[in-house]
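Each remark here refers to the structure printed beneath this line.
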Amino acid sequence: MFPSRRPTPSKARVKELLEAEGVSIAGWYRCPHGPDDDCACRKPLPGMVDDAARDLDIDPSRSFVIGDKLSDVELAAAVGATGLLVTTGHGAAEAGKARAKGCDVCRDLLEARRGVLRLAGASALLRG
């Protein structure tokens with residue numbers, strides 16, 4: 001287990017790979033609690049998104065949640081964000097359920113990036 005304040009090797013590697021593709025991470029949020037703990041931050045509850053919205057001055061309804069679990073998709077719905085499921089990790093087993101909820105399903109984070117750009121462009125056109 002890694003201390004929560006230090007980036008894990010996998011987080012550092014993800015950051016490195018995404019930055020090489022022009023993607024930056026404004027903040028990393030995690031729930032340290034277990035499934036039986038009573039907290040407001042365990043997905044799909046909105047605690048982490050509430051923290052990020054406050055810290056980063058963002059509107060969750062104009063944001064995207066990308067993850068590999070159905071709880072990520074459910075979190076997006078709970079805060080009015082757009083959810084994208086990646087089929088890496090747990091995502092392959094959750095893809096059918098995510099599609100049934102109207103969520104885009106992507107092979108990996110880079111495909112999710114393309115989905116975000118496509119969806120954000122469509123949103124801009126609708127607002128414009």
Side-chain angles (χ1 to χ4, degrees):
M1 175 152 249
F2 297 97
S4 62
R5 295 203 194 291
R6 285 186 46 208
T8 62
S10 59
K11 185 189 296 183
R13 181 67 177 142
V14 167
K15 183 176 188 275
E16 176 186 330
L17 290 169
L18 290 174
E19 285 178 347
E21 296 294 328
V23 176
S24 64
I25 303 296
W28 296 86
Y29 296 84
R30 68 180 274 284
C31 171
H33 305 103
D36 297 326
D37 293 336
D38 185 25
C39 72
C41 58
R42 189 159 177 92
K43 297 178 291 182
L45 296 176
M48 288 187 288
V49 172
D50 293 343
D51 290 345
R54 181 192 63 245
D55 295 349
L56 304 170
D57 192 29
I58 59 172
D59 177 357
S61 70
R62 296 181 59 194
S63 301
F64 297 87
V65 176
I66 302 169
D68 70 341
K69 293 186 178 178
L70 195 59
S71 61
D72 299 313
V73 172
E74 292 167 341
L75 171 63
V79 299
T82 300
L84 293 98
L85 184 87
V86 292
T87 57
T88 55
H90 302 277
E94 309 264 28
K97 292 176 186 173
R99 283 188 186 97
K101 292 181 178 280
C103 178
D104 282 9
V105 176
C106 307
R107 269 190 324 267
D108 53 30
L109 287 173
L110 294 178
E111 186 174 305
R113 174 186 180 259
R114 288 189 290 275
V116 166
L117 293 173
R118 176 181 50 81
L119 292 167
S123 295
L125 290 173
L126 291 173
R127 282 193 304 267

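- Hydrophobic clustering places Val116 together with Trp28 (ILVMFWY residues linked when any side-chain heavy atoms are closer than 4.5 Å, directly or through intermediates).
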| task | Take Thr87 and Asp68 through the side chain to side chain contact (heavy atoms under 4.5 Å, CB included) test and state the conclusion after the steps. | result | CA-CA 6 Å; Thr87 57; Asp68 70 341; over 6 Å; no
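- Between Leu70 atom CG and Cys103 atom SG the span is 8.5 Å, to the nearest 0.5 Å.
- Under 4.0 Å is where a charged nitrogen must lie from a carboxylate oxygen, and between Arg99 and Asp104 no such pair does.
- Looking only at side-chain heavy atoms (C-beta outward), Arg113 and Leu18 stay at 4.5 Å or farther from each other.
- Taking the charged nitrogens against the carboxylate oxygens, Arg54 and Asp51 do have a contact shorter than 4.0 Å, which makes a salt bridge.
- For the pair Leu84 and Ala112, the tightest heavy-atom approach, listed with the atom from each and the gap, is CD2-O, 4.0 Å.
- In terms of heavy-atom proximity, Val79 sits nearest to Pro60 at O-CB, 3.6 Å.
- Closest of all the heavy-atom pairs between Cys41 and Cys31 is SG-SG, 3.3 Å.
- Using a 4.0 Å cut-off between charged nitrogen and carboxylate oxygen, Asp37 and Arg42 do not count as a salt-bridge pair.
- A donor-acceptor pair under 3.5 Å is formed between the side chain of Glu111 and the backbone N or O of Arg107.
- Of all non-hydrogen atoms in Val105 and Ala98, the two that sit nearest each other are CG2-CB, 4.2 Å.
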| request: Starting from the C-alpha separation in whole Å, work towards a yes-or-no answer on side chain to side chain contact (heavy atoms under 4.5 Å, CB included) for Val65 and Val73. | output: CA-CA 7 Å; Val65 176; Val73 172; over 6 Å; no
| Step by step, would you call Lys97 with Leu85 a side chain to side chain contact (heavy atoms under 4.5 Å, CB included)? | CA-CA 10 Å; Lys97 292 176 186 173; Leu85 184 87; over 6 Å; no
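- Considering only heavy atoms from C-beta on, Val49 comes within 4.5 Å of Leu75 through its side chain.
- Pairing each heavy atom of Met48 with each of Lys43, the nearest pair is CE-CG, 3.7 Å.
- In this structure, CG in Asp50 is found 11.0 Å from OH in Tyr29, a value given to the nearest 0.5 Å.
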| task | Step by step, work out the side chain to side chain contact (heavy atoms under 4.5 Å, CB included) result for Lys101 and Glu74. | result | CA-CA 9 Å; Lys101 292 181 178 280; Glu74 292 167 341; 3.9 Å; yes
